[in-house]
Chemist: 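One structure is given below, represented as structure tokens, and several questions about it will come after.
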Amino acid sequence: MTKRISFIRSISQMGTWFFTLLHGKKVGIDDFGNRYFKERRAVKGRRERRWVLYTNEPEASTVPPEWHGWLHYTLPAPMQESSEYHRTWQKPHMPNLTGTQSAYYPPGHSMKGGKRAKATGDYQAWKPE
């Protein structure tokens with residue numbers, strides 16, 4: 001996912017970048033390079049704003065679960081690797097790869113040659129009586 005942001009997309013995101021410069025306080029960065037911010041001074045009576053600046057194209061599936069929980073006010077702070085909720089058997093977060101070269105195609109899919117394995121004959125077709 002090293003695709004660069006288009007010029008038009010960059011122009012459309014200038015407002016967010018400008019708001020970040022004026023009002024944002026950096027909270028952290030994830031493994032994908034996405035940067036997370038919150039308001040420097042939250043308005044009294046309203047919860048603080050939280051947002052993300054994506055490294056490449058804005059794609060919500062690149063936000064790992066620990067940061068997703070923080071962005072949506074489920075967690076007061078991003079979950080750390082040493083958290084009791086992290087397990088050794090958990091796989092690292094992967095963004096949605098649909099539409100990319102790395103997308104998964106099952107055997108027999110037209111993008112993988114379109115040839116399916118022959119049926120093994122381990123079933124019988126149902127016939128109504």
Side-chain angles (χ1 to χ4, degrees):
M1 298 191 96
T2 58
K3 195 166 135 184
R4 307 238 346 130
I5 299 175
S6 68
F7 177 73
I8 301 296
R9 176 94 54 171
S10 296
I11 295 298
S12 69
Q13 293 176 344
M14 290 294 229
T16 305
W17 290 336
F18 188 66
F19 181 84
T20 301
L21 287 173
L22 294 177
H23 304 286
K25 178 182 177 187
K26 189 174 179 181
V27 176
I29 190 167
D30 66 16
D31 295 337
F32 296 102
N34 300 325
R35 295 168 294 164
Y36 298 88
F37 295 87
K38 67 178 183 177
E39 276 184 309
R40 285 189 195 137
R41 286 172 255 117
V43 176
K44 190 171 183 166
R46 183 176 57 97
R47 64 184 178 185
E48 68 184 7
R49 290 181 182 175
R50 298 174 179 177
W51 65 95
V52 59
L53 290 180
Y54 298 99
T55 301
N56 295 315
E57 287 285 332
E59 173 56 49
S61 72
T62 63
V63 175
E66 52 272 7
W67 283 102
H68 182 273
W70 177 79
L71 278 173
H72 294 275
Y73 306 97
T74 305
L75 301 171
M79 195 180 340
Q80 302 299 317
E81 289 288 331
S82 59
S83 169
E84 63 183 272
Y85 298 106
H86 275 279
R87 304 287 187 246
T88 56
W89 47 262
Q90 287 177 311
K91 292 183 178 182
H93 177 71
M94 290 280 298
N96 184 356
L97 299 174
T98 303
T100 68
Q101 292 287 335
S102 303
Y104 170 77
Y105 296 108
H109 192 280
S110 61
M111 297 292 283
K112 283 188 101 174
K115 296 189 180 190
R116 298 178 62 161
K118 292 189 177 195
T120 59
D122 59 350
Y123 71 94
Q124 290 182 335
W126 176 75
K127 294 181 185 174
E129 294 183 38

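Quick caveat: nothing in here was measured; it's all calculated off a predicted structure.
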Chemist: Judged by atom type as modelled, is there a donor-acceptor pair below 3.5 Å linking the side chain of Arg35 to the main-chain atoms of Lys26?
Modeler: no

Chemist: Check the pair Trp67, Val27 against side chain to side chain contact (heavy atoms under 4.5 Å, CB included), reporting the backbone distance first and the verdict last.
Modeler: CA-CA 10 Å; Trp67 283 102; Val27 176; 4.0 Å; yes

Chemist: Got more than 12 heavy atoms from elsewhere within 6.0 Å of CZ, Arg41?
Modeler: no

Chemist: So how far is it from Phe18 CZ to Leu22 CG, rounded to the nearest 0.5 Å?
Modeler: 4.0 Å

Chemist: Please answer whether the main-chain N or O of Lys38 pairs with a side-chain N or O of Arg49 as donor and acceptor at a distance below 3.5 Å.
Modeler: no

Chemist: Drop me the distance from Trp51's CH2 to Asn34's CG, to the nearest 0.5 angstrom.
Modeler: 15.0 Å

Chemist: Quick one: does any side-chain atom of His109 pair with a main-chain N or O of Met111 as donor and acceptor, under 3.5 Å?
Modeler: yes

Chemist: In Å and rounded to the nearest 0.5 Å, what is the CD to NE2 distance from Glu66 to His68?
Modeler: 11.5 Å

Chemist: What pair of heavy atoms forms the shortest contact from Ser61 to Asn96, and how long is it?
Modeler: OG-N, 2.9 Å

Chemist: Indicate yes or no for a side-chain donor-acceptor contact from Tyr73 to the backbone of Glu48 under 3.5 Å, with no hydrogens or angles considered.
Modeler: yes

Chemist: CZ of Arg47 to CD of Glu39: how many Å apart, nearest 0.5 Å?
Modeler: 11.5 Å

Chemist: What is the ring orientation for Phe32 with His93, classed by angle as parallel under 30°, tilted 30 to 60°, or perpendicular over 60°?
Modeler: perpendicular

Chemist: Looking only at heavy atoms, what is the nearest atom pair of Arg46 and Ala42, with distance?
Modeler: O-CB, 4.3 Å

Chemist: Please work out whether the ring planes of Tyr36 and Trp70 are parallel, tilted or perpendicular, with thresholds of 30° and 60°.
Modeler: perpendicular

Chemist: Which distance, rounded to the nearest 0.5 Å, do you find between the OG1 of Thr16 and the CZ of Phe37?
Modeler: 11.0 Å

Chemist: Nearest 0.5 angstrom please: Met94 CE to Thr62 OG1, how far?
Modeler: 12.0 Å

Chemist: Please lay out, stage by stage, how Tyr104 and Leu97 fare under the test side chain to side chain contact (heavy atoms under 4.5 Å, CB included).
Modeler: CA-CA 8 Å; Tyr104 170 77; Leu97 299 174; over 6 Å; no

Chemist: Taking all non-hydrogen atoms of both residues, which atom of Gln13 and which atom of Pro58 are closest, and how far apart?
Modeler: NE2-CG, 2.7 Å

Chemist: Please say yes or no: joined through hydrophobic side-chain contacts below 4.5 Å, possibly via intermediate residues, are Ile29 and Val63 part of one cluster?
Modeler: no

